[in-house]
> 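So that we are looking at the same thing, I have put the structure below in structure tokens.
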Amino acid sequence: MFIFSVFILLGGIVSACIYNFDFTQKKFYNCSFWKFLLISVFYVVTIAVMIIICEYIKSARLFPKHFTRLFLLKAICVEFIICGFLIVVSRLCIGRAAKLKDVIRKEVILSILSPCQVKTFLSTLIFGIACHGMVLFNKFSYHDDVGNLFSYGAGITSGRWALDVSAKIYKYFLGDLASLPLFNGMICIFLIAITACILVQHLEIKRTECCIAIGGGLVAFPFLTSLFGYMFTSVFYCIGVFFGVYGTTLICKFKLRFLFLGCSLIGFAVGIYQAMIPLVLCVFVLSMIKNLSDSKDYFDSLKKIIYIIASCILFMFFYLFILRLALYLFNTKLSNYKGISDTLGGNILISEYFRRALFAYKEFFYPTDKRFLGMFPEKLCGMYRLIVSVNIILGINKIWKSAKNSIGVALLQCLVFISFPFAVNFIYVMTKNGWSSLTFYSLIMPFVMCVYLIDDLNIKFTGYRFVSSFLFFIIIILYCKFDNLCYLEAELSQSEAISYGTILISRIQSTDGYEINMPVLFLHYNKNNDPNVTKYKQFGEINIRPYERGLSQYITDYEFVRFLRQWCGYSPVITKSDSFEKKEEIKNMPCYPNSGSIKIIDGIVVIKFQ
């Protein structure tokens, strides 16, 4: 036990020294409360990851019985707690540190609560309530949300190992999971607000209208609208957004001590949802545009680009390493949902990736994919083209300015601008047809780039500021209206689905010879083509999941039977029998809702939908 304690102590001292040593200046750097807080959060996450790994080790039985889980947990927790304690002490003691109150004032109050941050944060909250108030104060249960009302969905088998970790942390601190609209929704808006503040600070955006535009754009974009249709997992996905963006900004400080922390945060974000990769790449590109604008040294700029590329490789290695380890320890394998096993298994040819990359560029300038266009309904599609045009013009202007200082830097900046469409539509490269509105949060980044480039011009002409502010305001208002239109469609569809289910239940229980204990067979309910289903042409522009199909989404969904249980209070014994389809009596039955579409055959209530 003594040797074990010494080992833990030495590990803690080494870790603390590494985190507090500036390798470029070869000395310990000064205390920073904010940096200490980041390291502390990192240790909390790391402890949680290690606990989950221990759970996997236990289930896989890789060690003898005497090497118990309790021993592993004690070893890991004590190790990291001591390391964290030593970091706290070293942060507060090593070097010529200022007093704690001065550190808090400089690092927290002046940085986090700066006027730009406050404007961004408040605007995000206000627009968040305006855009998503309907879903926050009502409960809409669609598609996967019906089946995961008290769960979080697929985890390791879909490559989302961090989703399992996040869910276990949530359960440990907050209890059982639940799809809670107000609780989960406000946490999501709060996380998006913090993410917006991080972007504003990282891109050094100063103008009030630009700060408001960043916050309003991030929270009003239909990604969040679509995500709130899957409220059960919304908090975890927003944590992924926050970790992804924040980790990227840490890496873009170009300091070695932030590299591992940043890559770990991004790897964790990708482990929650792989569609965070395009968002991360976009923030990397924006960061490089900003850094190259301030640079005159070609080789220094080239080193930074190589550093970013190496960081991308590192965070992907971190994600894949933990994924492979979790799959091995948990004795499972990836599913082929949306082709994920092929993508992560390296079963795709280089020529296929090249074809996908060309498709990504084409869709950026000439979008045709209905899922892509669903993020820019009606007039917003024209606004998207306007934003792309403004970005091209302002990008050329920025490259021209860089060329006056250094041709080499200008060429690098040109390459970075060219890579931006590739980063925005990287989801098309990742998967052949697995994209949806949940995978397109990166499509807000052309708007963010436009805001940054306009703010960077620093033109004080009143007319120019009025025009740009009006453009930002119109885009956010249009998105706000679209979000509320989606929720109106959701409320109508759910009300109609409840009424539809109530009528169906009444007809089942009114069937001659019906008894309460009879099993029920819903035959081909997923192919229900009831012509009496209400359809609104006013909702025709809605093409984001899960709102795009209205009432048909409910009555043909794979969770329709569970919906009847949750929202109509009907929980019969459900039976499945392929042999019934071959019976002549069933073949002659009409389809629901026609008379005779519900019959009792061999003691089973059969409802034929097709």
Side-chain angles (χ1 to χ4, degrees), residues 22-26 199-206 210 245 247-260 262-263 266 277-317 350 353-354 357-358 360-362 364-365 387-426 429 442 445-459:
D22 190 337
F23 288 93
T24 57
Q25 300 295 327
K26 297 183 178 179
L199 276 177
V200 165
Q201 183 182 35
H202 181 65
L203 298 176
E204 298 181 357
I205 294 174
K206 303 298 182 186
C210 293
V245 172
T248 306
T249 59
L250 285 179
I251 291 173
C252 291
K253 293 179 182 292
F254 300 104
K255 294 182 179 179
L256 190 62
R257 60 177 177 264
F258 292 124
L259 178 62
F260 179 72
C263 288
I266 298 174
I277 295 177
L279 183 67
V280 167
L281 294 180
C282 289
V283 179
F284 272 134
V285 171
L286 287 176
S287 300
M288 283 311 306
I289 291 173
K290 176 181 176 298
N291 277 281
L292 291 173
S293 300
D294 303 329
S295 176
K296 297 181 181 180
D297 188 339
Y298 170 78
F299 290 102
D300 181 63
S301 301
L302 184 60
K303 288 179 183 178
K304 288 182 177 179
I305 292 177
I306 295 173
Y307 182 89
I308 294 296
I309 295 173
S311 301
C312 292
I313 296 173
L314 186 58
F315 82 70
M316 280 305 300
F317 173 80
I350 299 296
Y353 279 119
F354 182 73
L358 292 178
Y361 270 97
K362 183 189 79 67
F364 183 84
F365 295 103
I387 287 172
V388 171
S389 301
V390 171
N391 286 343
I392 292 173
I393 295 171
L394 296 181
I396 293 173
N397 175 65
K398 187 171 278 289
I399 293 171
W400 179 259
K401 288 182 178 179
S402 297
K404 294 180 180 179
N405 298 322
S406 172
I407 298 297
V409 173
L411 290 175
L412 290 177
Q413 196 167 51
C414 184
L415 290 174
V416 171
F417 270 106
I418 291 174
S419 68
F420 185 69
F422 179 75
V424 170
N425 283 344
F426 191 72
V429 181
S442 57
M445 299 314 289
F447 176 76
V448 174
M449 173 183 271
C450 183
V451 173
Y452 161 69
L453 292 176
I454 288 175
D455 179 83
D456 191 59
L457 286 176
N458 198 25
I459 298 177

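Each residue takes its place number in the sequence, starting with 1.
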> Roughly how far, to the nearest 0.5 Å, is the CG atom of Leu292 from the SG atom of Cys414?
11.5 Å
> Counting distance only, does the side-chain N/O of Asn391 pair as donor-acceptor with the main-chain N or O of Cys450 below 3.5 Å?
yes
> So, using salt bridge (charged side-chain N to carboxylate O under 4.0 Å, His left out) as the criterion, who are the partners of Asp297 when residues are at least two apart?
none
> Would Tyr298 and Ile407 satisfy side-chain contact (heavy atoms from CB on, under 4.5 Å), going step by step from the backbone distance to the final call?
CA-CA 8 Å; Tyr298 170 78; Ile407 298 297; over 6 Å; no
> Suppose we screen for ring-ring contact (aromatic ring centres under 6.0 Å, His included). Which residues come up paired with Tyr307, at least two apart in sequence or across chains?
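Tyr307: ring-ring contact (aromatic ring centres under 6.0 Å, His included) contacts with Phe254.
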> Is a donor on one side and an acceptor on the other found under 3.5 Å between the side chain of Ser442 and the backbone of Val424?
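Yes; at least one donor-acceptor contact below 3.5 Å.
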> Are Ile308 and Ile305 close enough that some pair of their side-chain heavy atoms sits under 4.5 Å apart?
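Of all side-chain heavy-atom pairs linking Ile305 with Ile308, none is under 4.5 Å.
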> To the nearest 0.5 angstrom, please state how far the CG atom of Leu453 sits from the CG atom of Leu203.
9.5 Å
> Kindly compute the distance separating OH (Tyr353) from CG (Leu358), expressed to the nearest 0.5 Å.
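Answer rounded to 0.5 Å: 15.0 Å.
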> What verdict does the side-chain contact (heavy atoms from CB on, under 4.5 Å) test give for Met449 and Ile289, after you've listed the backbone C-alpha separation in whole Å, the side-chain angles of each residue and the deciding distance to 0.1 Å?
CA-CA 10 Å; Met449 173 183 271; Ile289 291 173; 3.3 Å; yes
> Please name all residues satisfying ring-ring contact (aromatic ring centres under 6.0 Å, His included) with Phe447, sequence neighbours left out, ordered by chain then number.
Phe472
> Within this structure, what is the CG-CG distance for the pair Leu415 and Leu302, rounded to the nearest 0.5 Å?
10.0 Å
> Tell me the closest heavy-atom pair linking Val285 and Ala423, and the distance in Å.
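Minimum heavy-atom contact is CG2-CB, 4.1 Å.
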> So which heavy atom on Cys252 is nearest to which on Asn291, and how close?
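The pair with the smallest heavy-atom distance is O-ND2, 4.5 Å.
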> Could you tell me whether Phe299 atom CZ has more than 12 heavy atoms of other residues or ligands within 6.0 Å of it?
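At most 12 heavy atoms, drawn from other residues, nucleotides or ligands, come within 6.0 Å of this atom.
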> Judged by atom type as modelled, is there a donor-acceptor pair below 3.5 Å linking the side chain of Asp455 to the main-chain atoms of Lys206?
yes
> Return the set of residues passing salt bridge (charged side-chain N to carboxylate O under 4.0 Å, His left out) with Asp456 (not counting sequence neighbours), or none when no residue passes.
Lys398
> Between Ile266 and Ile277, does the side-chain contact (heavy atoms from CB on, under 4.5 Å) criterion hold? Intermediate values first, please.
CA-CA 8 Å; Ile266 298 174; Ile277 295 177; over 6 Å; no
> Only pairs at least two apart or in different chains count here, so list each ring-ring contact (aromatic ring centres under 6.0 Å, His included) that has a residue in residues 398-425.
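Residue pairs passing ring-ring contact (aromatic ring centres under 6.0 Å, His included), neighbours aside: Phe422-Phe426.
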> Among residues at least two apart in sequence or on other chains, which ones pass side chain to side chain donor-acceptor pair (under 3.5 Å) with Ser287?
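Checked Ser287 against side chain to side chain donor-acceptor pair (under 3.5 Å); matches are His202.
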> At what distance, to the nearest 0.5 angstrom, does OG of Ser389 lie from CG of Leu394?
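Here the interatomic distance stands at 10.5 Å.
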> Rounded to the nearest 0.5 Å, how far does CE of Met445 lie from CG of Leu199?
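If we round to the nearest 0.5 Å, Leu199:CG and Met445:CE are 5.5 Å apart.
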> Could you tell me whether a side-chain N or O of Tyr361 sits under 3.5 Å from a main-chain N or O of Ile418, the two making a donor and an acceptor?
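Pair found, side chain donor or acceptor close to backbone of Ile418.
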> Checking Val283 against Val280 for the side-chain contact (heavy atoms from CB on, under 4.5 Å) test, could you report, in this order, the C-alpha distance in whole Å, the side-chain angles of both residues, the deciding distance, and whether it holds?
CA-CA 5 Å; Val283 179; Val280 167; 5.9 Å; no
